[in-house]
Amino acid sequence: NMNRLEESHVYNISYRNIMDKNGKIKVFTEKDVIEVESEMDFDMEASYKSSINYFIASIVGSIMKSMAENGKKENINITEFESVIKIKLENPLTLLGVKGYTDEPRISTCDIKLYMYADVEDEILTEFCENNLSKCLIYNTLKDSVKFNIKFIPIM
């Protein structure tokens with residue numbers, strides 16, 4: 001019986017991570033290396049690979065991939081898909097190291113608008129997306145600590 005196997009309840013993943021002599025963090029996945037140059041960069045002109053960029057990419061990437069892949073299983077083929085994500089960061093001055101600011105920095109709110117087209121009625125698409133959130137790994141991991149406001153917007 002599959003339910004008796006630990007692997008059917010828990011999947012353990014391990015990564016090796018190092019900091020090189022330049023201060024870059026390298027996360028070694030099975031077949032790739034992800035480099036992190038900063039935790040967060042407030043310089044809008046910078047092109048650093050920051051933890052926050054990967055974090056945001058993982059949130060929206062997880063949701064969009066889950067919707068697209070699970071949609072195919074239910075004959076809901078999402079052919080156009082775009083999203084906008086906005087986060088609210090509390091206590092940013094602590095991250096900047098401003099004297100006198102020591103409150104814990106955290107992401108408190110995440111607003112996501114998902115624009116999509118599928119060849120089904122808008123109500124069916126929206127209902128599918130709302131129900132599918134329960135299958136999204138990263139969303140489920142974060143939903144109790146970050147306030148999510150997610151809007152599904154069918155487009156014509």
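All values below were derived from every heavy atom in this structure, side-chain atoms included, with hydrogens, water molecules and symmetry-related copies excluded. For clarity, every value in this text was computed on a predicted model and none was experimentally measured.
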(message) For residues 115-142, which residue pairs pass the ring pair (Phe, Tyr, Trp, His ring centres under 6.0 Å) check, not counting sequence neighbours?
(response) Y139-F148

(message) What I'd like to find out is whether the side chain of K113 reaches to under 4.5 Å of the side chain of I153, using heavy atoms alone.
(response) yes

(message) Please tell me whether D32 and T29 have a donor and an acceptor in their side chains that are separated by less than 3.5 angstrom.
(response) no

Just list the side-chain donor-acceptor pairs under 3.5 Å for residues 118-125, sequence neighbours left out, or say none.
none

(request) Could you pull out all residues at least two apart from Y11 that satisfy side-chain contact (heavy atoms from CB on, under 4.5 Å)? (result) I13

(message) Would you say that I34 contacts Y15 through its side chain, given a criterion of any heavy-atom pair below 4.5 Å between the two side chains?
(response) no

(request) Just jot down the side-chain contact (heavy atoms from CB on, under 4.5 Å) partners of I85, sequence neighbours excluded, or say none. (result) I56, I59, V60, C110, I112

(request) State plainly whether one hydrophobic cluster holds both Y54 and L142, where clusters connect Ile, Leu, Val, Met, Phe, Trp and Tyr through side-chain heavy atoms under 4.5 angstrom apart. (result) no

(request) If a pair satisfies side chain to side chain donor-acceptor pair (under 3.5 Å) and one of its residues is in residues 147-156, list it, with sequence neighbours excluded. (result) D111-N149, K147-N149

(request) Just jot down the side chain to side chain donor-acceptor pair (under 3.5 Å) partners of N140, sequence neighbours excluded, or say none. (result) K143

(request) Output all residues satisfying side chain to side chain donor-acceptor pair (under 3.5 Å) with N77, sequence neighbours left out; order by chain, then residue number. (result) none

(message) With heavy-atom distances below 4.5 Å as the criterion, would you say the side chains of S83 and M64 are in contact?
(response) yes

Please output the side-chain donor-acceptor pairs of residues 18-25 that fall under 3.5 Å, not counting sequence neighbours, one pair per line with the distance.
| residue | atom | partner | partner atom | Å |
| --- | --- | --- | --- | --- |
| D20 | OD1 | N22 | N | 2.9 |
| D20 | OD1 | G23 | N | 3.1 |
| D20 | OD1 | K24 | N | 2.9 |
| K24 | NZ | E35 | OE1 | 3.4 |

(message) Do L93 and I52 land in one hydrophobic cluster if side-chain heavy atoms of ILVMFWY residues count as linked below 4.5 Å?
(response) yes

(message) Distance check, rounded to the nearest 0.5 Å: L114 atom CG versus M67 atom CE?
(response) 6.5 Å

(request) Could you tell me which residues satisfy side-chain contact (heavy atoms from CB on, under 4.5 Å) with E90, sequence neighbours excluded, listed by chain and number? (result) R106, S108

(request) Kindly indicate, with the supporting measurements, whether the criterion side-chain contact (heavy atoms from CB on, under 4.5 Å) is fulfilled by E104 and T94. (result) CA-CA 7 Å; E104 293 180 358; T94 302; over 6 Å; no

(request) Mind jotting down which residue pairs meet the salt bridge (charged side-chain N to carboxylate O under 4.0 Å, His left out) criterion with at least one end in residues 51-66? Sequence neighbours excluded, please. (result) K65-E69

(request) Heavy atoms only: give me the nearest V33-K26 pair and the separation to one decimal. (result) CG1-CB, 3.9 Å

(message) Given 3.5 Å as the limit, does a donor-acceptor pair link the side chain of N131 with the main chain of E127, or not?
(response) yes

(message) Rounded to the nearest 0.5 Å, what separates atom CG in L137 from atom OG in S62?
(response) 5.5 Å

(request) Not counting sequence neighbours, list each pair that qualifies as a ring pair (Phe, Tyr, Trp, His ring centres under 6.0 Å) and has a residue in residues 65-87. (result) none

(message) Using side-chain heavy atoms (C-beta onward) and a distance below 4.5 Å, is M116 in contact with C129?
(response) yes

(request) Please identify each residue that fulfils side-chain contact (heavy atoms from CB on, under 4.5 Å) with S66, with sequence neighbours left out. (result) N70, N132, K135, C136

(request) Mark yes when over 12 heavy atoms from residues, nucleotides or ligands other than Y101 sit less than 6.0 Å from its OH; otherwise mark no. (result) no

